[in-house]
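Model, not experiment: these values are computed from the prediction. The figures that follow rest on heavy atoms only: side chains count, while hydrogens, waters and symmetry mates do not. The chains referred to below are lettered A, B, ... by the order of the sequence lines, with proteins before strands, and numbering in each begins at 1.
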Amino acid sequence: MKEYHQGENFYQKVYTVVSQIPLGKVMTYGQIARFLGYLHAARAVGYALHLLPHGSSVPWQRVINYQGKISPRSIDFDHATVVQRLLLEAEGVMFDDDDRVDLEKYLWNPE
DNA sequence: CTACTGACTGATC
DNA sequence: TGATCAGCCAGTA
């Protein structure tokens, strides 16, 4: 039996990886997907985080896109994106003039 | 089961 | 360097 859609297992893996991102470090959606064995499941990773409730112990703010920028989710109510940047800055992550972070410096590579 | 969407990425223009 | 198109995975209609 093939198990193409991992379902909740996939989400759990995403949460587990994100939870292991050290403070002051960040990861990209694609990197997480590849780490889990999915080469192009970056969108699914973002979906998993989007389902994450507030108050969760998962540091969702440390997950950004490959450009090093925070992905906009709602043009109408993007308060979360602002909060995400503030949280990262509070952790020591510096944003440049283009609102991007230096992935070469802050990207965390899981073992 | 098919179609569309979404916190993405990589290739092309 | 910046915008556009297509591909991929999971979820919902």
Among [options], which nucleotide has an atom closest to any side-chain atom of [X]?
{"X": "Leu49(A)", "options": "dA10(C), dA7(B), dC8(C)", "value": "dA7(B)"}
{"X": "Ala41(A)", "options": "dA7(B), dG11(C), dC9(C)", "value": "dC9(C)"}
{"X": "Tyr47(A)", "options": "dA7(B), dG6(B), dC9(C)", "value": "dG6(B)"}
{"X": "Trp60(A)", "options": "dA7(B), dA10(C), dG6(B)", "value": "dA7(B)"}

Between [X] ([atom1]) and [N] ([atom2]), how many Å, whole number?
{"X": "Leu39(A)", "N": "dC8(B)", "atom1": "CG", "atom2": "P", "answer": "18 Å"}
{"X": "Ile70(A)", "N": "dC8(B)", "atom1": "CD1", "atom2": "C1'", "answer": "15 Å"}
{"X": "Met27(A)", "N": "dC8(B)", "atom1": "CE", "atom2": "C1'", "answer": "14 Å"}
{"X": "Phe10(A)", "N": "dC8(B)", "atom1": "CZ", "atom2": "P", "answer": "13 Å"}
{"X": "Lys69(A)", "N": "dT1(C)", "atom1": "NZ", "atom2": "C1'", "answer": "12 Å"}
{"X": "Arg73(A)", "N": "dT5(B)", "atom1": "CZ", "atom2": "C1'", "answer": "17 Å"}

Quiz prompt | Heavy-atom side-chain contact between Tyr38(A) and Ile32(A) under 4.5 Å | solution = no
Quiz item: Any Lys/Arg nitrogen of Lys25(A) or Glu91(A) sitting under 4.0 Å from an Asp/Glu carboxylate oxygen of the other?
Solution: no
For [X] and [Y], work out which heavy atoms get closest and say how close.
{"X": "Gln84(A)", "Y": "Ile64(A)", "answer": "NE2-CG2, 3.9 Å"}
{"X": "Gln67(A)", "Y": "Arg100(A)", "answer": "O-CD, 3.3 Å"}
{"X": "Ala48(A)", "Y": "Val14(A)", "answer": "CB-CG1, 4.1 Å"}
{"X": "Trp108(A)", "Y": "Gln31(A)", "answer": "O-NE2, 3.0 Å"}

Self-check item: CZ (Arg85(A)) with more than 12 external heavy atoms under 6.0 Å
Solution: yes
Practice problem: Please check if the distance between the ring centroids of Tyr47(A) and Tyr11(A) is under 6.0 Å. | Solution: no
Quiz item: Watson-Crick or G-U wobble partner for dA7(B), using a 3.5 Å limit on both distances?
Solution: none
Self-check item: Side chain Arg43(A) and base dG7(C) donor-acceptor under 3.5 Å
Solution: yes
If you restrict it to nitrogen or oxygen atoms, what contacts under 3.5 Å exist between nucleotides 9-13 of chain B and the protein, and what is each distance?
from   : atom 1 : to       : atom 2 : distance (Å)
dT9(B) : OP1    : Tyr29(A) : N      : 3.2
dT9(B) : OP1    : Gly30(A) : N      : 3.2
dT9(B) : OP1    : Tyr66(A) : N      : 3.1
dT9(B) : OP2    : Tyr66(A) : N      : 2.8

Exercise. Using a 4.0 Å heavy-atom cut-off across all strands, classify Ala44(A) as base, sugar-phosphate, or nothing.
Key: base
Quiz prompt | Pi-cation contact, Tyr29(A) with Arg43(A) (under 6.0 Å, within 45°) | solution = no
Quiz item: Which residues within residues 98-111 of chain A lie with some heavy atom under 4.0 Å of an atom in DNA chain B?
Solution: none
